[in-house]
Number of protein chains: 2
Amino acid sequence: MLESPNTDREHREPAITRQHVTPNAIDADEPWMRGLHADTGYLLYRLGLRSGQLFNTFLQASGLRLRHYAVLRFLAGSEGALQRELSTRLGYDPSAIVGLVDDLEKQGFAERRPSPDDRRSRIVVLTEDGRAFLRDTDEAGLRVTNDLLDPLDAADRQTLHTLLLRIAEDGLG
Amino acid sequence: MLESPNTDREHREPAITRQHVTPNAIDADEPWMRGLHADTGYLLYRLGLRSGQLFNTFLQASGLRLRHYAVLRFLAGSEGALQRELSTRLGYDPSAIVGLVDDLEKQGFAERRPSPDDRRSRIVVLTEDGRAFLRDTDEAGLRVTNDLLDPLDAADRQTLHTLLLRIAEDGLG
DNA sequence: AGCAATAATTGTTGACGTCAATAGTTGTTG
DNA sequence: CAACAACTATTGACGTCAACAATTATTGCT
């Protein structure tokens with residue numbers, strides 16, 4: 001369980017007036033001296049970690065992890081995918097896909113079928129149980145995201161989502 | 001090869017008339033059927049991963065990692081911090097702080113000093129070399145973030161940053 | 001003095017990313 | 001058509017990282 005460490009620290013002002021804030025021979029105006037949260041990349045890193053944690057705790061009851069969930073979601077939208085395809089699209093190593101699909105097969109949420117044209121490939125398809133699982137857990141998954149984005153109203157969430165999407169399209173498949 | 005599941009933005013109808021659109025026994029309008037990138041939480045997770053990777057590759061020349069850099073940055077703004085403080089503020093486990101400070105001490109970027117009031121605690125302070133390191137690598141660090149946020153203009157980056165900051169303040173220290 | 005709480009530390013475990021290597025299969029090319 | 005290069009899935013090894021449990025030294029409480 002993650003504690004919320006609000007108690008051990010006084011609240012720091014938003015620094016709209018930053019005249020007298022320099023506390024102790026530290027010049028906070030130097031660019032290399034800016035705080036951690038001043039960097040968007042680091043913010044993304046931290047929030048991404050937290051988002052993954054939330055998702056995993058939400059999934060822990062089902063015995064799956066975020067990676068499995070990502071595979072299921074992708075399969076739900078593609079109706080059968082080669083493992084190679086899962087690898088490139090989800091950004092996971094091919095060797096990781098093996099174990100993930102193994103787990104999903106064990107749970108009965110997906111299965112491998114031989115590809116008709118290429119005996120090297122296997123086609124991973126979502127089973128009916130997999131569809132049911134997605135249907136059942138969908139609402140809970142949305143709750144996780146809603147919990148994370150709690151301080152944002154609907155409009156802000158929309159803009160955040162489009163901004164993130166623009167970044168994602170230019171770097172992830 | 002199976003049909004590549006075209007990125008969802010090409011031939012998805014506005015769905016005003018959703019009578020006959022069901023292409024292949026898949027109803028893409030079902031909420032649990034939405035694509036991976038439709039969920040902001042998952043987007044955050046993926047982009048956070050990517051951001052961390054970029055930062056780490058940028059830091060690999062110096063022998064440090066993102067976590068070390070985070071500690072250095074925090075120390076630069078706080079002029080001495082208990083390890084316990086680093087743990088709660090950076091979100092790392094206390095056991096992780098040990099190794100991080102060890103590494104920073106080996107590189108000469110930080111050092112532990114005994115706390116005058118509590119012999120259990122150690123105060124970690126940034127050395128002059130640590131300050132120099134931050135000064136030297138600051139520009140490169142900014143380039144990493146700029147590279148990540150390439151598809152966004154200045155105004156969009158600003159809004160993204162404030163949005164992320166609002167989320168971060170309500171969940172991270 | 002006795003005892004709970006705390007700071008730093010060690011060790012362990014499981015998840016994760018990366019890379020190398022292999023078997024089976026396909027496509028190409030000389 | 002035979003040799004060879006490329007590709008798919010798979011296995012294994014290695015190092016990193018996060019989450020816990022346990023330990024030691026110290027402090028605060030009563």
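Chain A is the first sequence line, chain B the second, and so forth, proteins listed ahead of strands; every chain is numbered from 1.
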Parallel, tilted or perpendicular, as decided by the 30° and 60° cut-offs, for the rings of A/Tyr69 and A/Phe55: tilted
To the nearest angstrom, how far is B/Ile97 atom CD1 from D/dC17 atom P? 13 Å
Without decimals, in angstroms, what is the distance between B/Asn56 CG and D/dG15 P? 17 Å
Start with the C-alpha distance between A/Ile123 and A/Val125, add both sets of side-chain angles, then the distance that settles side-chain contact (heavy atoms from CB on, under 4.5 Å), and finish with yes or no. CA-CA 6 Å; A/Ile123 299 179; A/Val125 293; 3.9 Å; yes
Any donor-acceptor pair under 3.5 Å linking the side chain of A/Gln83 with the backbone of A/Val98? no
Within the structure provided, determine whether A/Thr159 and B/Thr159 are in side-chain contact (heavy-atom separation under 4.5 Å). no
Does anything in residues 143-162 of chain B form a salt bridge (Lys or Arg N to Asp or Glu O under 4.0 Å)? List the pairs, not counting sequence neighbours. A/Arg166-B/Asp156
If you only use heavy atoms from C-beta on, which nucleotide in D/dT26, D/dT8, D/dT10 is closest to the side chain of B/Arg119? D/dT26
Atom OH of B/Tyr69 and atom P of D/dT16: how far apart are they, to the nearest Å? 21 Å
Calculate the interatomic distance between A/Arg122 atom CZ and C/dA23 atom P; express it in whole Å. 16 Å
Relative to the 5' end of DNA chain C, which residue comes earlier, A/Arg65 or B/Val98, by the nucleotide with the nearest heavy atom? B/Val98
Exercise: do A/Thr127 and A/Asp129 side chains pair donor with acceptor under 3.5 Å: no
Using the 3.5 Å cut-off, write out each protein N or O paired with an N or O of nucleotides 1-6 of chain C and the distance between them.
unit_1: C/dT6; atom_1: O2; unit_2: B/Arg120; atom_2: NH1; d: 2.5

Hey, which sits more toward the 5' end of DNA chain D by its nearest nucleotide, A/Tyr45 or A/Gln83? A/Gln83
Provide, to the nearest angstrom, the distance between the CZ atom belonging to A/Arg112 and the C1' atom belonging to D/dA9. 8 Å
Between D/dA6 (P) and A/Asp118 (CG): distance, integer Å: 17 Å
One should read off an interatomic distance between A/His161 NE2 and B/His37 NE2, to the nearest 0.5 angstrom, of 9.0 Å
In sequence, state the C-alpha distance, the side-chain angles, and the governing distance for A/Arg65 and A/Gln60, and then conclude on side-chain hydrogen bond (donor to acceptor under 3.5 Å, both in side chains). CA-CA 7 Å; A/Arg65 308 219 155 269; A/Gln60 80 182 6; over 6 Å; no
Measuring from B/Glu85:CD to B/Ser78:OG, what's the distance to the nearest 0.5 Å? 6.0 Å
Whole-Å distance, B/Leu82 CG to D/dA25 P, equals 20 Å
Find every protein N or O atom lying less than 3.5 Å from an N or O atom of nucleotides 21-24 of chain D, and list the pairs.
none

Distance, rounded to the nearest Å, where A/Leu86 contributes CG and D/dA9 contributes P: 9 Å
